[in-house]
Amino acid sequence: MTASSPPSLDIAIVGAGAAGLMAAIWAARAGAKVALLEGQEKAGSKILISGGGRCNVLPIESRNPVEASFHSSSPTHVLKRFFKTWRLEQIQDFVRWDLNIPLAEEDDNKLFPESGKAREVRDALVQEAEQCGTTILYQYRVAAIEEQDGGFLVSAEDGRTLQAKKVILATGGESVPATGSDGFGYRLAKKLRHKCVQTFPALVPFTSADEDLTALSGLSLPVHWRAVIDGKEVAQGERSFLFTHKGFSGPAVLDASHYFLRDQAQILVSWQGYSPQDWVDYLQSVARRSVIKAVTDQLPSRLAAVLVERSGIRGDMRCGNLTKGNFEALHRQLCHFSLPISGHRGFAVAEVTGGGVPLESLQLSTLESRKTAGLYFCGEILDVFGDIGGFNYQWAFVSGRLAGESAAKSLSA
Ligand SMILES: Cc1cc2nc3c(=O)[nH]c(=O)nc-3n(C[C@H](O)[C@H](O)[C@H](O)COP(=O)(O)OP(=O)(O)OC[C@H]3O[C@@H](n4cnc5c(N)ncnc54)[C@H](O)[C@@H]3O)c2cc1C
């Protein structure tokens with residue numbers, strides 16, 4: 001190296017989020033000289049705000065099949081193979097024993113740090129990456145990556161440059177751009193010959209112009225939701241639902257959101273998560289009760305009042321006196337309620353980005369690009385996202401480890 005030539009290293013990882021930090025740990029553990037380049041003043045800004053500041057770091061158990069938790073335009077057999085490379089229990093052990101974070105189980109299949117502090121997760125990842133020998137360069141906003149002499153020349157916005165034999169792009173998607181992931185990673189990928197699957201906000205709250213429902217803001221209850229296209233159910237789930245002053249949110253809505261946004265599905269809910277038959281049995285068992293009393297006995301009274309009014313039935317009618325038509329109208333409100341959605345809250349609040357760099361453009365066993373040798377990808381920049389519940393960190397960790405370790409191993413190949 002001459003006095004004027006840029007610093008040279010084995011692997012430059014762009015983006016110090018969950019995926020980039022994990023890639024750095026495994027690349028450095030495998031003996032590579034690694035620099036982690038982060039555009040922001042600190043690493044893992046998104047980790048700090050995740051899980052309401054508590055970081056739902058992983059799920060407790062995997063769900064079967066894989067498409068019950070992870071979404072991609074690639075076929076499920078492609079997705080499946082990644083999760084075999086580092087099983088959920090092994091990642092949980094890594095978090096507990098390598099990162100030294102005691103974990104606490106919570107309802108709805110979620111694991112959080114026992115401390116209840118997302119900062120503990122971020123700090124432990126940074127500490128482990130540095131202890132393994134990674135150099136983290138902050139406020140190093142990568143503006144360009146060019147192929148040069150069998151490797152790459154990486155240039156920052158402020159004019160700094162470095163040379164790397166391999167590059168891992170871990171720049172995240174474009175959700176909550178204030179955290180540093182503003183979609184620029186896709187531009188870097190495109191310059192290096194990658195096409196991207198159209199991106200869209202996912203795990204995003206809905207807006208609604210229905211004032212009777214937005215007036216229920218703050219009300220939360222379990223629901224069973226179904227996404228329906230042309231009368232056919234394409235997805236379903238059971239989770240909590242929240243009325244907001246702008247529309248609808250909560251895990252049920254976030255999980256269902258991409259079916260509305262991407263596939264124009266109608267989203268139907270059954271309140272309290274009861275099945276249609278449960279509601280039939282219940283209404284028949286309370287024949288002498290008034291409709292409003294019967295519904296209020298099962299649902300919050302403000303919601304019950306809206307639903308009974310929308311069914312067109314007088315609330316003081318006895319359940320046993322309902323005509324077939326009355327009964328069906330009420331039943332529709334209770335368990336096939338079509339959410340009046342007018343839009344969504346967009347990338348500003350979406351928890352993740354759908355779409356991105358397609359898996360088919362990568363070697364699936366290593367996450368190395370098929371278009372540009374020596375370039376690797378991991379995390380949310382890829383066309384994969386998970387449901388609410390720690391699945392997105394599972395993806396960031398699995399893909400980060402695979403890309404980091406593979407890039408390091410390729411140095412000696
Ligand atoms: C409000 C909120 C709550 C969430 N809660 C959870 C949760 O509890 N559990 C869960 O599993 N998931 C959760 N998620 C999703 C999860 O945080 C993300 O899926 C995950 O952080 C993605 O990791 P990543 O490393 O791929 O990308 P990111 O975390 O977005 O990291 C990308 C990094 O790259 C940097 N970068 C981007 N461009 C450049 C550039 N040109 N040069 C240098 N650096 C660059 C960014 O500054 C950023 O630090 C939540 C998301 C949000 C927004």
Side-chain angles (χ1 to χ4, degrees), residues 12-24 35-59 69-70 91 95 106 108-113 116 118 121-122 125-126 136-145 154-158 160 167-189 191 201-205 249 251 254 345-354 356-357 377-382 384-400 403-404:
I13 302 174
V14 187
L21 285 161
M22 193 58 85
L36 184 51
L37 313 176
E38 170 53 50
Q40 303 269 96
E41 282 174 0
K42 54 180 190 267
S45 297
K46 207 165 263 175
I47 300 174
L48 296 180
I49 59 166
S50 68
R54 297 191 308 125
C55 185
N56 173 195
V57 64
L58 286 169
S69 318
F70 295 96
I91 311 175
V95 174
E106 291 198 8
D108 205 13
N109 194 31
K110 293 177 175 174
L111 278 178
F112 288 86
V121 175
R122 194 282 306 267
L125 284 165
V126 169
I136 308 183
L137 301 176
Y138 294 101
Q139 292 182 298
Y140 199 110
R141 171 94 184 156
V142 172
I145 303 171
V154 180
S155 311
E157 265 176 6
D158 62 9
R160 281 178 287 172
V167 165
I168 302 177
L169 272 187
T171 48
E174 52 189 303
S175 58
V176 195
T179 60
S181 33
D182 55 4
F184 191 74
Y186 303 123
R187 301 243 294 266
L188 294 172
K191 283 257 164 74
L203 306 187
V204 66
S249 189
L254 301 187
R345 304 276 312 280
F347 281 118
V349 299
E351 291 209 359
V352 291
T353 303
V357 174
F377 291 87
C378 58
E380 203 178 308
I381 188 172
L382 291 169
V384 178
F385 68 92
D387 282 342
I388 292 289
F391 295 102
N392 284 295
Y393 286 130
Q394 187 182 351
W395 170 245
F397 294 161
V398 163
S399 59

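Residue indices begin at 1 and follow the sequence shown. The analysis underlying the following values was restricted to heavy atoms, covering all of them including side chains, and did not include hydrogens, waters or symmetry mates. Counting starts at 1 for both ligands and their atoms, following the listed order.
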For this session: For Glu380 and Ser181, run side-chain contact (heavy atoms from CB on, under 4.5 Å): C-alpha distance rounded to whole Å, both residues' side-chain angles, the deciding distance at 0.1 Å, then the answer.
Result: CA-CA 10 Å; Glu380 203 178 308; Ser181 33; over 6 Å; no
For this session: Could you tell me which atoms of ligand 1, counted from 1 in the order shown, lie closer than 4.0 angstrom to a heavy atom of Leu37?
Result: 43 (C), 44 (N)
Exercise. What protein heavy atom sits nearest atom 14 (N) of ligand 1, and how far away is it?
Worked result: Glu351 OE1, 4.0 Å
Seminar exercise, completed: So the atoms of ligand 1 within less than 4.0 Å of a heavy atom of Ser181 turn out to be 30 (O), 46 (C)
For this session: Determine whether any heavy atom of Tyr140 lies closer than 4.0 Å to an atom of ligand 1.
Result: yes
For this session: Kindly determine whether Phe397 and Leu125 satisfy side-chain contact (heavy atoms from CB on, under 4.5 Å), including the steps that lead there.
Result: CA-CA 11 Å; Phe397 294 161; Leu125 284 165; 4.3 Å; yes
Exercise. Got the closest protein heavy atom to atom 41 (N) of ligand 1, with its distance?
Worked result: Val142 O, 3.0 Å
Exercise. Which of the atoms of ligand 1 are close to Gln40, meaning less than 4.0 Å from one of its heavy atoms?
Worked result: 47 (O)
Exercise. Does any N or O atom in Gly379 lie less than 3.5 angstrom from one in ligand 1, N or O only?
Worked result: no
Exercise. For atom 43 (C) of ligand 1, which protein heavy atom lies nearest, and how many Å away is it?
Worked result: Gly39 N, 3.2 Å
Problem set entry | Atom indices of ligand 1, in the order listed, that fall short of 4.0 Å to a heavy atom of Gly180 | 36 (N), 37 (C), 38 (N), 46 (C), 47 (O)
For this session: If you have a sec, work out which protein heavy atom is nearest atom 26 (O) of ligand 1 and how many Å separate them, to one decimal?
Result: Glu380 N, 2.8 Å
Problem set entry | Contacting atoms of ligand 1, where contact means under 4.0 angstrom from a heavy atom of Val352 | 15 (C), 19 (O)
Exercise. So which of Val57, Thr171, Leu203 gets nearest to atom 32 (C) of ligand 1, if we judge by its closest heavy atom?
Worked result: Thr171
For this session: Taking the side chain as every heavy atom from C-beta outward, state whether Tyr138 and Glu41 have any atom pair closer than 4.5 Å.
Result: no
For this session: Answer side chain, backbone, both or neither: which part of Phe184 comes under 4.0 Å from ligand 1, heavy atoms only.
Result: side chain
Exercise. Taking non-hydrogen atoms only, is Thr179 closer than 4.0 angstrom to ligand 1 via side chain, backbone, both or neither?
Worked result: backbone
Problem set entry | Per-atom contacts, ligand 1 versus Gly17 - under 4.0 Å to a heavy atom | 25 (O), 29 (O), 31 (O), 33 (C)
For this session: Below 4.0 angstrom from a heavy atom of Ala170, which ligand 1 atoms are there? Numbered from 1 as shown, please.
Result: 32 (C), 33 (C), 34 (O)
Exercise. Is Phe70 close to Phe391 at the side-chain level, that is, under 4.5 Å between some pair of heavy atoms?
Worked result: yes
Problem set entry | Check: Leu188 N/O within less than 3.5 Å of ligand 1 N/O | no
Exercise. Looking only at heavy atoms of Ser45, does any of them come nearer than 4.0 Å to an atom of ligand 1?
Worked result: no
Exercise. Atom 21 (O) of ligand 1: which protein heavy atom is closest, and how many Å away?
Worked result: Tyr393 CE2, 3.5 Å
Exercise. Under a 4.0 Å heavy-atom limit, does Asn56 contact ligand 1 with its side chain, its backbone, both, or neither?
Worked result: both
Exercise. When you measure from atom 47 (O) of ligand 1 to every protein heavy atom, which one gives the shortest distance, and what is it?
Worked result: Glu38 OE2, 2.6 Å
Exercise. Measuring from the heavy atoms of Ala18, does anything fall under 4.0 Å of ligand 1?
Worked result: yes
Seminar exercise, completed: If we number the atoms of ligand 1 from 1 as shown, the ones under 4.0 Å from a heavy atom of Ala19 are 25 (O), 26 (O)
Problem set entry | Backbone of Gly379 reached by a side-chain donor or acceptor of Ser399 within 3.5 Å | yes
Exercise. Is Arg54 close to Lys110 at the side-chain level, that is, under 4.5 Å between some pair of heavy atoms?
Worked result: no
Exercise. Looking at atom 1 (C) of ligand 1, what's its closest protein heavy atom, distance included?
Worked result: Ile49 CD1, 3.8 Å
Exercise. Rounded to the nearest 0.5 Å, what separation is found between the CD1 atom of Ile168 and the CG atom of Leu37?
Worked result: 11.0 Å
Exercise. Is there side-chain contact between Leu203 and Asn392, with heavy atoms separated by less than 4.5 Å?
Worked result: yes
Exercise. For ligand 1, is Ser175 a contact, meaning one of its heavy atoms is under 4.0 Å away?
Worked result: no
Exercise. Stepwise, does the side-chain contact (heavy atoms from CB on, under 4.5 Å) test hold for Glu351 with Leu254?
Worked result: CA-CA 9 Å; Glu351 291 209 359; Leu254 301 187; 4.2 Å; yes
Exercise. OG of Ser50 to CG of Asn56: how many Å apart, nearest 0.5 Å?
Worked result: 8.0 Å
For this session: Identify, for atom 38 (N) of ligand 1, the protein heavy atom at the shortest distance, and state residue, atom and that distance.
Result: Arg141 NH1, 3.4 Å
